[in-house]
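A quick write-up on the structure given underneath.
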Amino acid sequence: MRIDPTLLDDLEWRGLVAHSTDLDALRDALGQGSVKFYVGFDPTAPSLHMGHLVQILTARRLQEAGHTPYALVGGATGMIGDPKEAGERIMNAAETVQEWVGRVRGQIEPFLSFEGDNAATMVNNLDWTAPMSTIDFLRDIGKHFPVNRMLARDVVKSRLESGISYTEFSYVLLQSMDYLELHRQHGVTLQFGGSDQWGNLTAGVELIRRTESAKVHAIATPLMTRADGTKYGKTDGGALWLDPEMLSPYAFHQFWLNAEDVKIGELLRVFTFLSHEEIEALEARHAERPFLREGQKVLADEVTTLVHGADETEQAKAAAAALFGGGELSGLAGATLGAALREAGAIEVSSGAELPSVVDLLVETGLARSRGEARRTITEGGAYLNNHRVEDPEQVPTADDLLGGTWLVLRRGKKNFAGVEVR
RNA sequence: GGCAGGUUGCCCGAGCGGCCAAUGGGAACGGACUGUAAAUCCGUCGGUGUACACCUACGAAGGUUCGAAUCCUUCACCUGCCA
């Protein structure tokens with residue numbers, strides 16, 4: 001495996017290095033051979049999301065440049081949970097965490113190569129944490145953590161008023177121990193993670209310096225935020241999940257397609273493997289004619305392909321083209337329409353007696369949470385049947401409304417579609 | 001263990017016996033303008049029927065009262081001070 005000497009420059013160009021320990025020393029290390037690095041993922045949900053994707057893709061960039069990944073799934077740390085400002089976490093049941101370990105592992109594996117000189121390795125920190133005795137933990141690990149320094153960390157400081165349990169307070173010891181363990185067992189000398197992990201990353205570096213007198217490295221990727229500084233990824237279903245069961249490839253594709261203009265360059269750099277030249281050219285074209293939305297389209301296609309594959313991307317694109325085409329829906333071929341609606345989300349209704357009212361259909365398709373909300377939406381002029389605004393809250397679709405004899409297209413607002421298949 | 005303060009709708013946060021489904025801000029949703037962008041403006045924002053109504057809600061359970069988010073009792077949890 002050849003080592004790509006431009007790796008670190010590329011990461012910096014992409015804005016992926018928000019914090020770092022001695023960057024020159026890291027540059028030297030990366031130039032001298034395949035560096036063994038690790039990145040950890042805690043199973044705190046049944047799926048990873050957009051924030052984790054930054055780490056996964058960064059790991060892949062490092063591997064493609066010749067370095068050797070150790071992808072850690074936190075079977076142990078996931079049982080604890082790192083402290084966050086919002087407050088104490090609710091602990092998940094052990095069985096739940098173990099199930100999520102499997103799912104998370106399955107989501108990471110497709111992005112890494114497990115063959116060749118720098119094959120990736122999956123590890124689980126439960127393997128070395130569970131067998132350890134409390135005494136050993138306190139003597140071998142705890143001894144190296146001055147509480148006054150731990151208290152000075154921002155997350156902890158912010159929690160001193162509202163309260164923080166010893167459990168969460170101790171999280172940093174576990175993660176630091178992971179780095180130490182991987183360093184001892186496998187010679188890992190680089191850890192990276194999100195910038196919110198910076199405190200945990202440097203704690204590990206320091207633990208290794210204290211116990212092994214070794215100099216190891218850490219870098220943190222930036223936190224991705226919207227143009228107004230708020231967190232990304234809040235869609236209807238919650239976060240921007242990578243699991244297609246939790247967020248359809250269509251919805252995933254739509255998310256990127258709706259990216260803000262000012263974020264296009266940043267997102268292309270972080271989430272695609274396009275070259276510098278391609279990205280810069282695209283940015284230039286996008287700046288000149290933003291209304292063409294070329295940047296959003298390329299971004300959406302690239303990222304969806306990375307996560308869900310080319311086939312799913314094509315289907316998501318076709319669905320969007322059909323639904324957002326602007327033309328009369330009745331002009332669409334039945335098969336195209338059906339496929340598009342199934343992508344966007346569709347329900348089935350029996351053609352028995354009379355069709356449910358628009359209000360009921362809005363609720364059943366999930367476009368509205370309650371009948372009151374559905375009614376309100378219609379009153380506000382935000383409900384559409386087959387792309388025609390619904391004026392009457394009592395309206396009931398008739399057989400004449402069925403497109404191709406089977407489909408009703410419901411829309412709430414500008415971009416929330418749902419299909420109703422009558423059979 | 002003692003004393004003091006706190007627990008309000010998705011989040012923050014007012015309310016401190018009736019005029020409270022509960023002020024305000026944020027988030028979210030819809031409309032207008034647009035490019036499935038941003039910003040801006042307007043509207044909506046517990047549920048059922050929608051007119052007035054009813055139901056469920058202000059940590060939990062009881063109680064006082066014609067009437068309680070608001071007062072009392074007990075319990076749970078959180079914070080601070082003292083042991």
Side-chain angles (χ1 to χ4, degrees), chain A residues 83-91 156-168 225-240 250-268 282-283 285-301 304 316-327 329 340 343-345 357-360 362-363 365-385 387-395 409-418:
Chain A
K84 49 179 186 175
E85 285 199 20
E88 195 78 8
R89 289 173 186 270
I90 297 166
M91 286 198 288
V156 176
K157 256 194 288 184
S158 71
R159 287 281 298 278
L160 287 181
E161 276 292 308
S162 60
I164 179 168
S165 67
Y166 184 75
T167 308
E168 288 192 6
T225 58
R226 299 175 63 89
D228 60 10
T230 59
K231 271 207 251 176
Y232 252 121
K234 289 297 171 190
T235 62
D236 297 342
L240 191 82
Y250 168 80
F252 185 86
H253 186 260
Q254 282 288 308
F255 170 83
W256 299 99
L257 205 53
N258 281 302
E260 299 152 305
D261 286 341
V262 295
K263 286 284 167 178
I264 289 297
E266 185 183 328
L267 295 172
L268 284 168
L282 191 51
E283 277 183 300
R285 288 202 297 279
H286 189 79
E288 199 164 322
R289 289 199 264 177
F291 51 88
L292 292 181
R293 308 172 54 75
E294 189 185 351
Q296 278 94 338
K297 287 175 185 166
V298 173
L299 176 68
D301 292 353
T304 308
K317 279 172 73 174
L323 297 174
F324 288 97
L329 288 169
E343 280 291 312
S357 68
V358 173
V359 167
D360 288 328
L362 283 169
V363 175
T365 54
L367 288 178
R369 269 188 298 265
S370 66
R371 306 192 78 244
E373 187 174 293
R375 205 174 280 278
R376 244 180 270 126
T377 301
I378 295 175
T379 310
E380 290 169 349
Y384 305 79
L385 175 65
N387 274 356
H388 296 292
R389 180 173 282 171
V390 177
E391 309 282 353
D392 177 11
E394 308 298 329
Q395 184 172 338
V409 180
L410 281 164
R411 170 156 66 91
R412 178 178 179 185
K414 199 153 40 167
K415 41 196 173 187
N416 299 304
F417 286 93

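Atoms considered below: every heavy atom in the structure, side chains included; atoms not considered: hydrogens, waters and symmetry mates. In what follows, every chain begins at residue 1, and chains take the letters A, B, ... in the order their sequences are listed. The structure displayed is predicted, hence computed values, not measured ones.
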- [ ] Please evaluate the base of B/U36 for a donor-acceptor partner in the side chain of A/Q296 within a cut-off of under 3.5 Å?
- [x] no
Picking from B/G30, B/A32, B/G35, the nucleotide nearest the side-chain atoms of A/R293 would be B/G35
pair_partner(B/A69), Watson-Crick or wobble, both distances < 3.5 Å, evaluates to none
The answer to which of A/N258 and A/G372 contacts RNA chain B further toward the 5' end, by nearest nucleotide, is A/N258
Can you check whether A/Y384 has a side-chain N or O nearer than 4.0 Å to OP1 or OP2 of B/G31? yes
Across every strand shown, the nucleotide meeting Watson-Crick or G-U wobble geometry with B/U64 (both distances under 3.5 Å) is none
Of B/C45, B/U36, B/U48, the nucleotide closest to the side chain of A/R376 is B/C45
Look at A/K414 and B/C33 and indicate whether a side-chain polar atom (N or O) is within less than 4.0 Å of OP1 or OP2. no
Separation between NE2 (A/H253) and CG (A/D301), nearest 0.5 Å, reads 4.0 Å
Residues A/K263 and A/E260 bridged, charged N to O under 4.0 Å: no
Against the side chain of A/D261, the closest entry in B/G30, B/G49, B/G35 is B/G35
Between B/C78 and B/A69, how far apart are the two P atoms, rounded to whole Å?
27 Å
Regarding the side chain of A/P290, the nearest nucleotide among B/G35, B/G43, B/A37 is B/G35
The Watson-Crick or G-U wobble partner of B/U36, with both key distances under 3.5 Å, is none
Sugar-phosphate, base or nothing in reach of A/R389, heavy atoms under 4.0 Å = sugar-phosphate
Closest to the side chain of A/S370, out of B/U36, B/U48, B/G35, is B/U48
Exercise for review: For A/A320, report the nucleic acid contact type (base, sugar-phosphate, nothing); a contact means any heavy atom under 4.0 Å.
Suggested key: base
Distance-only donor-acceptor test (3.5 Å): side chain A/K297, base B/U36
no
note: A/K263, atom NZ; B/G35, atom P; distance rounded to Å ~ 24 Å
Answer for the Watson-Crick or wobble partner of B/A51, both distances under 3.5 Å, is none
Scanning all shown strands, the Watson-Crick or wobble mate of B/U56 with both distances under 3.5 Å is none
Under 4.0 Å, counting only non-hydrogen atoms across every strand here, what does A/F417 touch: a base, just sugar-phosphate, or nothing? nothing
Kindly state whether the pair A/F324 / B/U36 counts as stacked, where counting means centroids closer than 5.5 Å and planes tilted less than 30° apart.
yes
- Query: Which whole number of Å gives the distance between the P atom of B/A60 and that of B/A53?
  - Reply: 26 Å
Among the nucleotides B/G35, B/C29, B/C33, whichever has the atom closest to the side chain of A/N416 is B/C29
- request: Could you tell me whether the side chain of A/R376 reaches within less than 4.5 Å of the side chain of A/E373, counting heavy atoms only?
  value: yes
In Watson-Crick or G-U wobble terms, with both distances under 3.5 Å, the base opposite B/U7 is B/A76
Heavy-atom side-chain contact between A/D261 and A/Q296 under 4.5 Å: yes
Give A/R371 one of three labels, base, sugar-phosphate or nothing, depending on what nucleic acid heavy atoms sit under 4.0 Å from its own. sugar-phosphate
Could you please spell out the steps behind the side-chain contact (heavy atoms from CB on, under 4.5 Å) verdict for A/Y250 and A/L323? CA-CA 12 Å; A/Y250 168 80; A/L323 297 174; 3.8 Å; yes
Over all strands shown, is A/E373 touching base, sugar-phosphate only, or nothing at heavy-atom distances under 4.0 angstrom? nothing
Scanning all shown strands, the Watson-Crick or wobble mate of B/C19 with both distances under 3.5 Å is none
Comparing nearest nucleotides in RNA chain B, the 5'-proximal residue of the pair A/L257, A/R375 is A/L257
Side-chain N or O of A/K415 versus OP1/OP2 of B/A37: is the shortest distance under 4.0 Å? yes
